[in-house]
Amino acid sequence: MSRTLRIAAIPGDGIGGEIVPAAIQVIDRAAALEGARLQWTEYDWGSEHYRRTGRMMPADGLEALAAHEAIFFGAVGDPEIPDVETLWGLLIPMRRAFDQYVNLRPARTFPGVPTPLADGAGIDLVIVRENTEGEYSSEGGADEELATQVARFTRRGVSRVARYAAQLASERSGRLVSCTKSNGIIHTMPFWDRVVAETVAEFVGVELRSVLVDALSAELVLRPRSLDVIVASNLFGDILSDLAAACVGSLGLAASANLNPERAHPSTFEPVHGSAPDIAGRGIANPLAQIASGAMMLRHLELPRAAGAIDAAIEAVLRDGPRTPDLGGSASTAEVGAAVAAALGAAAGARA
Ligand code: NAD
Ligand code: IPM
Ligand code: MN
């Protein structure tokens, strides 16, 4: 029986327009292995749309997205337009409107990919980042003399992300680290600590360790295998996820999922990295983070064999090449995408 799934694709800005097409060919082929067909609707939203219309997406853009099973997103951000227009005109509204309160950001090492750490082998961790509130808020303001920014943490917001992280930890090693800064940020972070601890206490077999974000950053570099599941607020999770990606070898490998775990709304799948204007237009961006985000999407859409096939094909390409320049190679985005697609074919052939 063939399943057809409606997916919205938003390549966005910069390298988004290069890595999203490379990923779509891989995802289509993988889905077919499991008897599913993806029906893509591509939206040309982003900074060019903004230049043309004054908006990053049409006024009814979120409504259009709501009719899809998932959203596959590249990146937005343009050096000529303030990020508050681009990111708060598309990505952040999407995360909030669809209540994508879990931002899942795995990081693991791969055979064939050197890490910059002295002792970086065997990293396998997941950051569970709160994705709808916290430090990212529009409350506050600025004039010539003063700027304020109100961080808003709610019991509902903190407990639901902590619950998700505790459940994930219970399915993995049972070890959960909560990222905090309650020594310097004296209202929101002690509240975070309290609500996380109360929530995690309900999970028998999950051991919670609360670690200050500065020390946790050092731990990630010095003892990365001590970490398994990390639950973090919006800002800390953002910073730690680029750090974790760098520790395992490249930002070009880091996938992510913005999840609405209740499935009341579509979830969004996108790389951790941004639009990389410094390399955009040259065809050299690593498409693997985008492709791996596609595997996370297929897993969410309950196509685990298709997702597993992509992960295996990525591993094969990382082991044998070709590689883009961020991994020390000289291959193009398209060559790496095609190699992953071909490795999928080989995997399917081997099973047949
Ligand atoms: P970035 O992640 O775009 O780039 C950081 C560095 O990593 C750059 O040197 C870039 O060339 C490199 N890099 C990133 N992805 C790569 C890939 N796939 N292959 C090879 N190299 C890669 O971060 P930035 O430069 O700070 O941000 C650029 C713009 O993107 C900004 O406007 C920022 O706000 C935005 N941004 C958007 C998102 C998003 O849409 N989700 C995420 C992060 C940043
Ligand atoms: C990310 C990005 C965004 C974030 C920015 C562009 C607003 O850095 O997805 O990691 O901080 O959420
Ligand atoms: Mn980020």
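For clarity, every value in this text was computed on a predicted model and none was experimentally measured. Start at 1 and go down the list; that is how both ligands and their atoms are numbered.
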Asks: Apply salt bridge (Lys or Arg N to Asp or Glu O under 4.0 Å) to the pair Asp44 and Arg52, showing each step before the final yes or no.
Replies: CA-CA 11 Å; Asp44 68 346; Arg52 241 180 16 249; 3.3 Å; yes
Asks: Test your reading of the structure: does Glu270 have an N or O sitting under 3.5 Å from an N or O of ligand 1?
Replies: yes
Asks: Starting from atom 11 (O) of ligand 1, locate the nearest protein heavy atom and write down its residue, its atom name and how far away it is, to 0.1 Å.
Replies: Asp278 OD1, 2.7 Å
Asks: Of all N, O or S atoms in Asp238, identify the one at the shortest distance from the Mn ion (ligand 3).
Replies: OD1
Asks: Any salt bridge between Asp124 and Arg225, counting N to O under 4.0 Å?
Replies: no
Asks: Would you say the ring centroid of Trp40 lies under 6.0 angstrom from that of Phe72?
Replies: yes
Asks: Salt bridge check: are Asp99 and Arg156 linked by an N-O gap of less than 4.0 Å?
Replies: yes
Asks: So which bit of Ile15 gets within less than 4.0 Å of ligand 1, heavy atoms only: side chain, backbone, both or neither?
Replies: side chain
Asks: Are more than 12 heavy atoms, taken from residues, nucleotides or ligands other than Arg152, located less than 6.0 Å from that residue's CZ atom?
Replies: no
Asks: Show the atoms of ligand 2 that are less than 4.0 angstrom away from any heavy atom in Arg95.
Replies: 1 (C), 4 (C), 9 (O), 12 (O)
Asks: When you check the gap from the basic side-chain N to the acidic O, do Asp311 and Arg299 get nearer than 4.0 Å?
Replies: yes
Asks: Honestly curious: do Leu91 and Leu65 fall in one hydrophobic cluster under the side-chain, below-4.5 Å linking rule?
Replies: yes
Asks: For atom 4 (C) of ligand 2, what's the nearest protein heavy atom and its distance?
Replies: Arg129 NH2, 3.4 Å
Asks: State, without any angle test, whether Ser267 and Asn258 hold a side-chain donor-acceptor pair at a distance under 3.5 Å.
Replies: no
Asks: Around atom 17 (C) of ligand 1, find the nearest protein heavy atom and jot down its residue, atom name and distance.
Replies: Asn286 N, 3.7 Å
Asks: Starting from atom 13 (N) of ligand 1, find the nearest protein heavy-atom neighbour and note its residue, name and distance.
Replies: Ala276 CB, 4.1 Å
Asks: Classify the ring geometry of His49 against Trp45: parallel below 30°, tilted from 30° to 60°, perpendicular beyond 60°.
Replies: perpendicular
Asks: Taking the minimum heavy-atom distance to atom 29 (C) of ligand 1, which of Gly274, Ser275, Pro287 ranks first?
Replies: Ser275
Asks: Measuring from non-hydrogen atoms of Trp88 to any atom of ligand 2, is the shortest distance under 4.0 Å?
Replies: no
Asks: For atom 7 (O) of ligand 1, what's the nearest protein heavy-atom neighbour? Residue, atom name and distance, please.
Replies: Leu251 CD2, 3.7 Å
Asks: Looking at ligand 1, would Pro277 count as a contact under a 4.0 Å heavy-atom criterion?
Replies: yes
Asks: Tell me whether Arg105 reaches ligand 2 (any heavy atom closer than 4.0 angstrom to a ligand atom).
Replies: yes
Asks: Could you check atom 39 (C) of ligand 1 against the protein and tell me its nearest heavy-atom contact, residue, atom and distance included?
Replies: Leu91 CD2, 3.8 Å
Asks: Name the closest protein heavy atom to atom 14 (C) of ligand 1, giving the residue it belongs to and the distance to 0.1 Å.
Replies: His273 CB, 3.7 Å
Asks: Which residue and non-hydrogen atom of the protein lie closest to atom 8 (O) of ligand 2, and at what distance in Å?
Replies: Asp238 OD1, 3.2 Å
Asks: Give a yes/no verdict on a cation-pi contact between Arg129 and Phe236, requiring under 6.0 Å between NZ or CZ and the six-membered ring centre and an angle within 45° of the axis.
Replies: no
Asks: Is it true that Arg160 and Glu262 make a salt bridge, defined as a side-chain N closer than 4.0 Å to a carboxylate O?
Replies: no
Asks: Identify the protein heavy atom lying closest to atom 7 (C) of ligand 2, giving its residue, its atom name and the separation to 0.1 Å.
Replies: Leu87 CG, 3.9 Å
Asks: Which of these, Ile92, Asp238, Ile279, Asp83, has its nearest heavy atom closest to atom 20 (C) of ligand 1?
Replies: Ile279
Asks: If the plane angle is over 60° it's perpendicular, under 30° parallel, otherwise tilted; pick one for Phe269 and His300.
Replies: tilted
Asks: Check this for me - ligand 1, Val76, N or O atoms closer than 3.5 angstrom, yes or no?
Replies: yes
Asks: State the atoms of ligand 2, each with its element, that fall below the 4.0 Å cut-off from a heavy-atom position in Tyr136.
Replies: 4 (C), 11 (O), 12 (O)
